[in-house]
Amino acid sequence: MALHKGTPGPRRDERSEFSTNPVYDEANPVSGMTGKPPRHCLPDGPMAPTTAYQFVHDELMLDGNARQNLATFVTTWMEPQAGKLMSDCLAKNMIDKDEYPRTAELERRCVAMLGHLWHAPDPDAVVGCSTTGSSEACMLAGMAFKRRWAKRNPVSYPATARPNLVMGTNVQVCWEKFCDFWEVEARQVPMEGNRFHLDPQAAAELCDENTIGVVAVLGSTFDGSYEPVAEVCRALDDLQERTGLDIPVHVDGASGAMIAPFLDPDLRWDFQLPRVASINTSGHKYGLVYPGVGWALWRTAEVLPEDLVFRVDYLGGDMPTFSLNFSRPGSQVAAQYYTFVRLGRAGYRAVQQEARDVACSLAERIEAFGDFTLLSRGDQLPVFAFTTAEGVGAFDVYDVSRRLRERGWLVPAYAFPPNRQDLSVLRVVCRNGFSEDLADLFLADLGSLLPELRSQPAPTGKTVTAFHH
């Protein structure tokens, strides 16, 4: 959540009022509106709901079209029926499981469905919960790692031992937040050469008796590639055989955990691997639900310490909870269940295959321009990254991103982390709703900009700050 400090930009006066439009006055347009509601403090009195709506609606128009946002992984289109169902559940507080038992039951069913999908040892009894997104789910998984490690080291922790967590530098920023907030040392494997994600052997070499776990990412946000989860587990198996260290793995499947089961069924990355203790995903990414909903699952009850689960006598019922948030609407859980039963395995396979086909085709056609080099091709996550080709000196990725924004397309440009800060790329995320037709329009806009970009004497040197996770 952004921390807002003051209000930037010019202000017309101390109260900084909205401008008024006579037709906003639903009583009599020709009379004109006499009141000008302030922007930054509460108005003195109420206004008509249609007027308030119009004020807010008009400002939000400037956000642009979410469907043209090729930076975000978050779902930007759902069926109208799903939207209606979410509206029906807005007033239901998810945490009140005793008050809304059917919503709680839908959550339980979703957890069981994911348990089956990810090959949990006992899918119908799998331990899991919904969250507000993958960031919260990752925090919960990290907390479980740390608590299990602390129980194994009651003498040395917290007196002398400091826990650490091993991951690649390509992890989503929530893992860095977890380490900061929960006082865990982040041990990160840097990128090297054309390897843009975690190296299994390098990860194992960073582990010691104070390592609480290793994070493997099924679908790096930097380039859309899967990390080799099975190879990471094998490297840790070898480590245990040599040293006795038993290091668990968490799979951050924010995106890939809802792609791989349908498009890469032979890939071993989930609870089929005994070392995988927990998995998270974002229902609001390739789970195909509007934000925000995530899911966290643990292999068995034994890997989730019982003392992290709160059992609260709340509103008349015994309620086990494991979450950082408390009150939130039941809308997203209802929408997730709707999407699961609406699509089924075959439906999800069709939707995700379409997204991958669009990504692969678009990547190939961008490469054909001759101005760009692909780092990935969209054949894992429906996501690909590309940079300017060798010999292109008139423009850089930041010029491309800025010019595409003029056409309404949001395509992030960003530098890679250590040790590849020298590499700056563009990344395109293909989601449900980004059709082949929209891809054609995007490609046409990109192609129309290239002659002008090629004619520049040099890159403008203006970087574009873009959200790339």
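There is no side-chain donor-acceptor pair under 3.5 Å between Arg431 and Thr75. Using modelled atom types and a 3.5 Å distance limit, the side chains of Glu99 and Asn93 yield no donor-acceptor pair. With hydrogens and angles left out, the side-chain atoms of Gln172 and Asp252 include no donor and acceptor closer than 3.5 Å. Side-chain atoms of Glu107 and Tyr337 form no donor-acceptor pair, as typed in the model, at a separation below 3.5 Å. For the residue pair Thr132/Asn325, the side-chain donor-acceptor check at 3.5 Å is satisfied. Residues His197 and Ser220 have side chains that never bring a donor and an acceptor to within less than 3.5 angstrom of each other. With 3.5 Å as the limit, one finds no donor-acceptor pair spanning the side chains of Arg427 and Thr221. Checked by atom type, the side-chain pair Gln380/Arg356 shows no donor-acceptor distance below 3.5 Å. Side chains of Trp118 and Gln272: a donor-acceptor N/O pair is absent below 3.5 angstrom, by distance only. With no hydrogens or angles considered, a side-chain donor-acceptor pair links Tyr226 and Asp264 at under 3.5 Å. Side-chain contact check for Tyr157 and Lys146: at least one donor-acceptor pair (N or O, by modelled atom type) lies under 3.5 Å.
In this structure, Val429 and Lys285 have side chains that are not in contact, with every pair of non-hydrogen atoms separated by 4.5 Å or more. Put simply, the side chain of Leu410 does not reach to within 4.5 Å of the side chain of Leu70, judged on heavy atoms. With contacts defined as side-chain heavy-atom distances shorter than 4.5 Å, the pair Phe145/Phe178 does not qualify. Within the 4.5 Å cutoff, side-chain heavy atoms of Ser435 are placed close to those of Leu438. Using a 4.5 Å heavy-atom threshold, the side chains of Leu288 and Tyr338 count as separate. Counting heavy atoms from C-beta outward, Asp237 and Leu239 have side chains that stay 4.5 Å or more apart. The closest side-chain heavy-atom distance from Met191 to Thr169 is below 4.5 Å. Side-chain contact between Pro418 and Gln421 is present, with heavy atoms from C-beta onward closer than 4.5 Å.
Under a 4.0 Å N-O distance rule, the pair Arg402/Asp399 qualifies as a salt bridge. A salt bridge between Lys84 and Asp88 is present, with a side-chain N of the basic residue lying under 4.0 Å from a carboxylate O of the acidic one. The pair Arg187-Asp208 meets the salt-bridge criterion, since a charged nitrogen lies less than 4.0 angstrom from a carboxylate oxygen.
Residues meeting the salt bridge (charged side-chain N to carboxylate O under 4.0 Å, His left out) test with Asp422, sequence neighbours left out: Arg420. The side chain to side chain contact (heavy atoms under 4.5 Å, CB included) search around Arg152 returns Arg148, Trp149, not counting sequence neighbours. Evaluation of the salt bridge (charged side-chain N to carboxylate O under 4.0 Å, His left out) rule for Glu105 yields Arg108, Arg109 as partners, not counting sequence neighbours.
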Show your reasoning for whether ring-ring contact (aromatic ring centres under 6.0 Å, His included) applies to Phe386 and Phe372. CA-CA 6 Å; Phe386 58 102; Phe372 303 105; 5.2 Å; yes
Verdict with reasoning, Phe271 to Trp298, per ring-ring contact (aromatic ring centres under 6.0 Å, His included): CA-CA 9 Å; Phe271 291 127; Trp298 287 265; 9.5 Å; no
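For Ser376 (side chain) and Ala385 (main-chain N/O), a donor-acceptor pair under 3.5 Å exists by modelled atom type. Using modelled atom types, no side-chain atom of His116 and backbone atom of Pro123 make a donor-acceptor pair closer than 3.5 Å. Looking only at distances, a side-chain donor or acceptor of His284 sits under 3.5 Å from a matching main-chain atom of Val293. Between the Gln352 side chain and the Met258 main chain, a donor and an acceptor come within less than 3.5 Å of each other. The main-chain N or O of Gly83 is never found under 3.5 Å from a side-chain atom of Ser87 such that the two would form a donor-acceptor pair. In terms of modelled atom types and a separation under 3.5 Å, the side chain of Arg328 and the main chain of Met94 share no donor-acceptor contact. A distance-only check finds a donor-acceptor pair linking the side chain of Thr160 to the backbone of Ser156 [under 3.5 Å]. Thr387 places a side-chain N or O within 3.5 Å of a backbone atom of Ser424 that can act as its donor or acceptor partner. With hydrogens and angles ignored, the 3.5 Å screen pairs a side-chain donor or acceptor of Thr243 with a backbone N or O of Leu245. Here the side chain of Tyr348 pairs a donor or acceptor atom with the backbone of Gly287 at under 3.5 angstrom.
Here the closest heavy-atom approach between residue Leu426 and residue Ser401 is recorded as CD2-CB, 3.8 Å. Nearest heavy-atom pair, Pro121 versus Arg299, reported as atom, atom and distance to 0.1 Å: CG-NH1, 3.5 Å. The shortest heavy-atom contact between Ile279 and Ala257 is CG2-CB, 4.4 Å.
The CG atom of Leu218 lies 6.5 Å from the CG atom of Leu267; values are rounded to the nearest 0.5 Å. One finds the CG atom of Leu90 at 10.0 Å from the CG atom of Leu85 (value rounded to the nearest 0.5 Å). Atom CD in Glu354 sits 15.0 Å away from atom CZ in Arg349 (nearest 0.5 Å).
Around the CG atom of Asp63, the shell of radius 6.0 Å holds more than 12 heavy atoms that belong to other residues, nucleotides or ligands. Other residues, nucleotides and ligands contribute at most 12 non-hydrogen atoms within 6.0 Å of the CD atom of Glu364.
The one candidate from Asp270, Asp238, Asp246 that meets the salt bridge (Lys or Arg N to Asp or Glu O under 4.0 Å) condition with Arg275 is Asp246.
Taking the ring centroids of His250 and Trp175, they lie under the 6.0 Å cut-off.
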